[in-house]
Trainee: 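Following this message is one structure expressed as structure tokens.
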Amino acid sequence: MPNVKHFFIALLLSLATIAISSCKKETDYIYQVNDVDVKQNDGDKTQTKSKEEFISIAYSDITGQSITRSQLENLLLPYEAFGDYKLVEEMIIKSFLNLPEAQVPSNTDMQSDIPKFVNDAYRRFYNRDANEYEVWYIEKYIRENSLDPKLVYYAIMTSNEYRYY
């Protein structure tokens, strides 16, 4: 019996020694990182365009002309009748881009200088310059997907940023 007792004591001492020797204090690493204020480059737009403003500005941005009062009233009707404003706005933008008086660059003009096209579109629709990443991303997307200028304008005008001024 004493051998079994000694065996258990030796086993417990061995386990305690292993447990103590395997525990190490965790090292705390401190990295020197400068604080950076990150914000979205949306031109600090906070005011939502009203329905009338959205339609009027979109028409003016696409055609270079002012919308008539009767056209505006006809387009306001779907807003009042339909609950999904985003869908109505997309339909309005699509119809404006298909107007004969729509001032949309040709595909050849766009392809000849895509960065200029992107910057011009940002100035036209967002009233700001595109940053380098936006130019790079949109240029890459246009090249990879063979986009038409109308589709690029549609994407810009249906974005959340276009809804604000």
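Scope of the values below: all heavy atoms of this structure, side chains included, with no hydrogens, waters or symmetry mates. Position 1 is the first residue of the sequence; numbering continues from there.
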Trainee: Please lay out, stage by stage, how T68 and Q71 fare under the test side chain to side chain contact (heavy atoms under 4.5 Å, CB included).
Mentor: CA-CA 5 Å; T68 65; Q71 288 174 309; 3.0 Å; yes
Trainee: For N127 and R124, work out which heavy atoms get closest and say how close.
Mentor: OD1-O, 4.3 Å
Trainee: Main chain of L147, side chain of N145: is a donor-acceptor contact present, judged purely on distance under 3.5 Å?
Mentor: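 No, the answer is negative, given that no donor and acceptor are paired below the 3.5 Å cut-off.
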Trainee: Between S159 and Y126, is there a side-chain donor-acceptor contact under 3.5 Å, judged purely by atom types and distance?
Mentor: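 Looking only at side-chain atoms, S159 and Y126 do form a donor-acceptor pair, the distance falling under 3.5 Å.
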Trainee: Is it true that R69 and E73 make a salt bridge, defined as a side-chain N closer than 4.0 Å to a carboxylate O?
Mentor: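 Salt bridge present between R69 and E73.
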Trainee: Does NZ or CZ of R128 lie under 6.0 Å from the centre of the six-membered ring of Y122, at an angle within 45° of the ring axis?
Mentor: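 Checked: cation-pi criterion not met.
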Trainee: Of all heavy-atom pairs between Q111 and I142, which one has the smallest distance, and what is that distance?
Mentor: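 Looking at all heavy atoms of both residues, the shortest contact is NE2-CG2, 3.8 Å.
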Trainee: Within a strict 4.5 Å, meaning less than it, do heavy atoms of the L76 and L72 side chains meet?
Mentor: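 L76 vs L72: side chains touch.
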Trainee: Indicate, with yes or no, if the rings of F117 and Y153 have centres closer together than 6.0 Å.
Mentor: yes
Trainee: State, with a plain yes or no, whether a side-chain heavy atom of R143 is found less than 4.5 Å away from one of I138.
Mentor: no
Trainee: If we only count heavy atoms from C-beta on, is the F54 to I93 side-chain gap below 4.5 Å?
Mentor: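 Side chain of F54 against side chain of I93, heavy atoms only: contact under 4.5 Å found.
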Trainee: If I take atom CH2 from residue W136 and atom NZ from residue K140, how far apart are they, to the nearest 0.5 angstrom?
Mentor: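 W136 CH2 to K140 NZ: 4.5 Å, rounded to 0.5 Å.
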Trainee: Where do V118 and A130 come nearest, in terms of heavy atoms and distance?
Mentor: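 Shortest heavy-atom contact: CG1-CB, 4.2 Å.
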Trainee: Do E139 and P115 come within less than 4.5 Å of each other through their side chains, counting heavy atoms only?
Mentor: yes
Trainee: For residues N98 and S95, is any side-chain donor paired with an opposing acceptor at under 3.5 Å?
Mentor: no
Trainee: I'd like to know if E90 and K94 make a salt bridge, using a cut-off of under 4.0 Å between side-chain N and carboxylate O.
Mentor: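 Answer for the salt bridge query: no.
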Trainee: How far apart are the closest heavy atoms of P105 and P149, and which atoms are they?
Mentor: O-CG, 3.3 Å
Trainee: Is a side-chain N or O of S60 found less than 3.5 angstrom from the main chain of S56, in a donor-acceptor match?
Mentor: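 Between the backbone of S56 and the side chain of S60 there is no qualifying donor-acceptor contact (under 3.5 Å).
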Trainee: Taking all atoms of both residues into account, what is the closest heavy-atom pair of F96 and I67, and its distance?
Mentor: CZ-CD1, 4.3 Å
Trainee: Distance-only, no hydrogens or angles: does the Q103 side chain make a donor-acceptor pair with backbone N or O of T63 under 3.5 Å?
Mentor: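 Checked: pair present.
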Trainee: For residues 49-67, which residue pairs qualify under salt bridge (Lys or Arg N to Asp or Glu O under 4.0 Å), counting only residues two or more places apart or in two chains?
Mentor: K51-E80
Trainee: Honestly curious: do F82 and L77 fall in one hydrophobic cluster under the side-chain, below-4.5 Å linking rule?
Mentor: no
Trainee: Got a second to check how far N119's CG is from I114's CD1, nearest 0.5 Å?
Mentor: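 CD1 of I114 is found 12.5 Å from CG of N119.
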Trainee: Would R163 and K86 count as a side chain to side chain contact (heavy atoms under 4.5 Å, CB included) here? Give the steps.
Mentor: CA-CA 10 Å; R163 194 66 177 95; K86 194 70 174 163; 5.6 Å; no
Trainee: Which pair of heavy atoms, one from E101 and one from Y59, lies closest together, and at what distance?
Mentor: OE2-OH, 3.4 Å
Trainee: Would F125 and I57 count as a side chain to side chain contact (heavy atoms under 4.5 Å, CB included) if you check the C-alpha gap in whole Å, the side-chain angles of each, and the deciding distance to 0.1 Å?
Mentor: CA-CA 9 Å; F125 299 117; I57 293 170; over 6 Å; no
Trainee: Which label fits Y141 and Y137: parallel for a plane angle under 30°, tilted from 30 to 60°, or perpendicular past 60°?
Mentor: parallel
Trainee: Test side chain to side chain donor-acceptor pair (under 3.5 Å) on S106 and D109 and set out the steps.
Mentor: CA-CA 5 Å; S106 68; D109 289 340; 3.3 Å; yes
Trainee: Any side-chain heavy atom of M157 within less than 4.5 Å of one from I62?
Mentor: yes
